J.: 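Dropping a structure here in structure tokens format, bear with me for questions.
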Amino acid sequence: MRTEVLAVKPVRSARGGWHWALYLLLVLVSLPFFLPLLWLFVSAFKSSGAIFGSPFQFGAGGLRWTNFEQVFRDYPFARQYLNSVYIAALSVPITVGLAAVAGYAFARIRFPGRNAVFLLSLLAMMVPSELTAVPQFVLFSRLGLVNTHVPVILLQIFSATGAFTVFLMRQHFITLPRELEDAGRVDGLNSPGVFWYIMLPLSRPALATAAIFAVLNSWNDYFNPLIYLSRETLLTLPLALGRFTDPLGGVYWNLTLAASVLVALPVLLAFLLAQRQFIESLAASGTKG
Amino acid sequence: MTVGARPARRGLTRSGREGRLGWLMVLPYVLGMLLLVTGPLIAVLGISLTQWSLLDSPRWVGARNYLRLANDPAFVRSAGVTAVFTLGILAVNISAALALASLMNTRLRGIGIFRTLVFSPVVMPVVAWALVWKFLLQPQGPVNAGLQNLGMADSNVLFNPSTALWTVIVIEVIKAVGLNAVIFLSALQGVPPELHEAARLDGATPWQAFRRITLPLISPTFFLVFIITLIGALKVFTPIFVLTGGGPADSTTTLILYMFKQGFQFFEFGYASAVAAVLFVLVLALTLAQWSLRKRLVFYED
């Protein structure tokens with residue numbers, strides 16, 4: 001299913017008063033989506049004393065960057081940021097690469113047992129990955145890999161995210177016309193050649209869709225890091241956001257929100273720059289399952 | 001650039017070579033999947049028949065974990081919480097998504113900004129979104145202050161067992177509804193405008209037009225969104241865990257949270273696996289129902 005939602009051409013409505021009533025409604029309706037984000041970005045610049053006050057009062061010192069400085073100075077946040085970045089940078093290309101190769105075989109190559117294996121990967125896609133946490137934990141702790149990034153990375157690649165990416169790529173390759181392959185074969189390409197020189201270059205949009213999906217899942221992954229990582233310097237960002245607390249668990253909201261801005265900003269900026277790709281990628285995850 | 005076709009290897013037909021190639025291509029993914037998903041899935045069913053804590057070795061107890069589940073008030077409660085959470089998400093998300101999609105479908109200048117605003121929580125990192133709301137809902141926070149200014153009693157909605165679950169539902173719907181809205185939007189845009197024009201000429205009210213024309217035409221999408229939202233709601237862990245940790249008084253402990261607590265806070269691996277097995281059967285049944293019903297609905301698609 002393609003989501004052509006960005007293709008609507010706005011035309012001026014001719015119904016005068018209705019027009020403005022509708023705009024008012026749109027503004028009101030968008031508040032619950034927009035205000036929390038606005039509040040987050042504003043509060044990240046406030047002192048802990050002013051943070052619960054009106055959003056437009058910054059208190060003594062006005063708008064301040066000290067929260068951001070403190071986040072990096074007093075906490076291993078830079079290290080945790082690096083952890084999240086490198087885990088995504090490592091797991092996403094592997095996830096998408098394996099999925100492209102496997103997806104092509106599932107779509108276009110007939111081999112014994114194909115349907116059975118594909119059914120298993122559909123199962124891996126549908127089952128909530130939390131359900132398999134106990135045996136996975138036993139396996140990884142036997143291997144001495146608790147408190148390393150290995151389980152977090154491997155589970156990104158092979159668990160639900162990976163399975164869905166395989167499915168996405170298979171659905172994509174099925175839609176490519178077979179004539180292209182035949183043409184390639186006539187030109188003397190073998191199957192890997194057809195895949196590499198013809199099918200893959202035609203798949204950039206699908207690869208982008210899969211990559212966006214995989215990046216977001218890696219960036220958001222909370223459950224597996226929660227189980228496998230406890231040492232502060234090993235944490236990834238979603239867990240790290242919960243660590244700006246006093247020893248009794250009281251939250252330093254100014255630091256938490258400043259750190260949240262740093263986690264959210266790259267994703268929101270990427271979304272604003274590539275809205276169509278983001279919406280298509282996420283809508284695909286909704287409709288193709 | 002072309003790569004010359006290699007001469008066929010002796011003893012292998014073309015389809016034999018194809019078969020080997022196919023296996024070779026899926027093998028890296030499939031091996032990992034078998035080891036990390038399929039295997040563990042079978043293992044969960046096995047472990048659910050044992051008593052096993054972190055330190056000792058598993059002891060076979062047969063179906064005793066399942067009997068214990070049936071008599072465990074906390075489990076029964078979390079099943080109830082899951083039911084309310086799932087149905088609540090379904091009802092609020094789908095009706096809001098339809099309404100938002102209808103708004104997005106109006107041809108106004110600047111409507112794209114509205115769509116962007118509604119969709120942006122979808123891409124917002126899950127934990128950051130939950131933490132912002134946790135901040136907004138602090139007793140001294142702006143939401144509570146606003147409610148009190150409106151004359152409502154001091155109502156810490158996130159920290160009150162009777163309102164926490166619905167608060168989490170609303171926060172989760174605001175986060176996710178933009179996705180369902182754009183899916184509905186693309187379905188709405190597939191409805192030919194002539195049909196509405198004709199209905200209007202025949203004197204149909206907007207509601208009648210929606211009920212009799214739009215809804216039947218978008219029913220395949222509606223069904224799809226319904227099932228995906230349902231299964232998705234059963235999987236929700238992170239926002240609940242960050243917002244309430246399952247509290248207050250276990251009022252937001254869904255089955256997934258209950259499984260996590262049994263497994264990774266009390267280290268009752270056997271019992272946690274029994275909870276997982278129950279959830280597995282539930283999700284599997286819903287998935288199979290989806291597939292079989294979709295086959296019947298495929299007729300309508302495209």
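Note that this is a predicted model, so its numbers are computed, not measured. Naming convention: chains lettered A, B, ... in sequence-line order (proteins, then strands); numbering from 1 in each chain.
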J.: Sort by residue number and list every residue of residues 281-289 of chain B having at least one heavy atom under 4.5 Å from chain A.
T.: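 Residues of residues 281-289 of chain B touching chain A at under 4.5 Å: B/Val283, B/Leu284, B/Thr287.
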
J.: Compare every heavy atom of A/Pro135 with every heavy atom of B/Pro40, then report the nearest pair and how far apart it is.
T.: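 So the minimum-distance heavy-atom pair works out to O-CG, 3.3 Å.
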
J.: Please classify the contact of A/Val138 with chain B as side chain, backbone, both or neither, using a heavy-atom distance under 4.5 Å.
T.: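 Answer is side chain: those atoms of A/Val138 sit under 4.5 Å from chain B.
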
J.: Tell me whether the NZ or CZ atom of A/Arg114 lies within the 45° cone about the ring axis of A/Phe106 and under 6.0 Å from its centre.
T.: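 Checked: cation-pi criterion not met.
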
J.: Let me know if B/Phe135 has heavy atoms under 4.5 Å from chain A in its side chain, its backbone, both or neither.
T.: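 Both the backbone and the side chain of B/Phe135 come within 4.5 Å of chain A.
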
J.: Pick one of side chain, backbone, both or neither for A/Leu154, based on which atoms fall under 4.5 Å of a heavy atom in chain B.
T.: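 Contact with chain B: backbone and side chain both.
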
J.: Check each atom of A/Ser30 against the heavy atoms of chain B and say whether the ones under 4.5 Å are side chain, backbone, both or neither.
T.: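 Both backbone and side chain of A/Ser30 come within 4.5 Å of chain B.
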
J.: For the interface with chain A, which of B/Val30, B/Leu131, B/Leu41 has the highest count of heavy-atom pairs at distances below 4.5 Å?
T.: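 Heavy-atom pair counts peak at B/Leu131.
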
J.: Heavy-atom cut-off 4.5 Å, strictly under: side chain, backbone, both or neither for A/Phe118 against chain B?
T.: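 For A/Phe118, no heavy atom lies under 4.5 Å from chain B.
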
J.: A/Leu241 versus chain B, heavy atoms under 4.5 Å apart: side chain, backbone, both or neither?
T.: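 Both parts, heavy atoms under 4.5 Å.
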
J.: Under 4.5 Å from any heavy atom of chain A, what part of B/Val177 do you find: side chain, backbone, both or neither?
T.: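 Side chain of B/Val177 only, per the 4.5 Å heavy-atom cut-off to chain A.
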
J.: Quick one: what part of A/Leu123 sits under 4.5 Å from any heavy atom of chain B, side chain, backbone, both or neither?
T.: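 The side chain, not the backbone.
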
J.: Listing request: all side chain to side chain donor-acceptor pair (under 3.5 Å) pairs with a residue in residues 116-140 of chain B, at least two apart in sequence or in separate chains.
T.: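 Of all non-adjacent pairs touching residues 116-140 of chain B, those that pass side chain to side chain donor-acceptor pair (under 3.5 Å) are A/Gln275-B/Thr116.
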
J.: Below 4.5 Å from any heavy atom of chain A, which atoms of B/Leu117 appear? Answer side chain, backbone, both or neither.
T.: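 The answer is both parts of B/Leu117.
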
J.: Does any heavy atom of chain B fall under 4.5 Å from the side chain of A/Ala160, the backbone, both, or neither of them?
T.: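 Contact with chain B involves no heavy atom of A/Ala160 at all.
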
J.: Chain A heavy atoms under 4.5 Å from B/Ile227: which part of the residue, side chain, backbone, both or neither?
T.: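 Contact with chain A involves no heavy atom of B/Ile227 at all.
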
J.: Counting only non-hydrogen atoms closer than 4.5 Å, does B/Met259 touch chain A with its backbone (N, CA, C, O), its side chain (CB onward), both, or neither?
T.: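 Interface part for B/Met259: side chain.
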
J.: For A/Val263, is it the side chain, the backbone, both, or neither that has a heavy atom closer than 4.5 Å to a heavy atom of chain B?
T.: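 Both parts, heavy atoms under 4.5 Å.
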
J.: Under 4.5 Å from any heavy atom of chain B, what part of A/Leu120 do you find: side chain, backbone, both or neither?
T.: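 Contact with chain B involves both backbone and side-chain atoms of A/Leu120.
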
J.: So what's closer than 4.5 Å to chain B heavy atoms on A/Ile94: side chain, backbone, both or neither?
T.: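 Neither part.
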
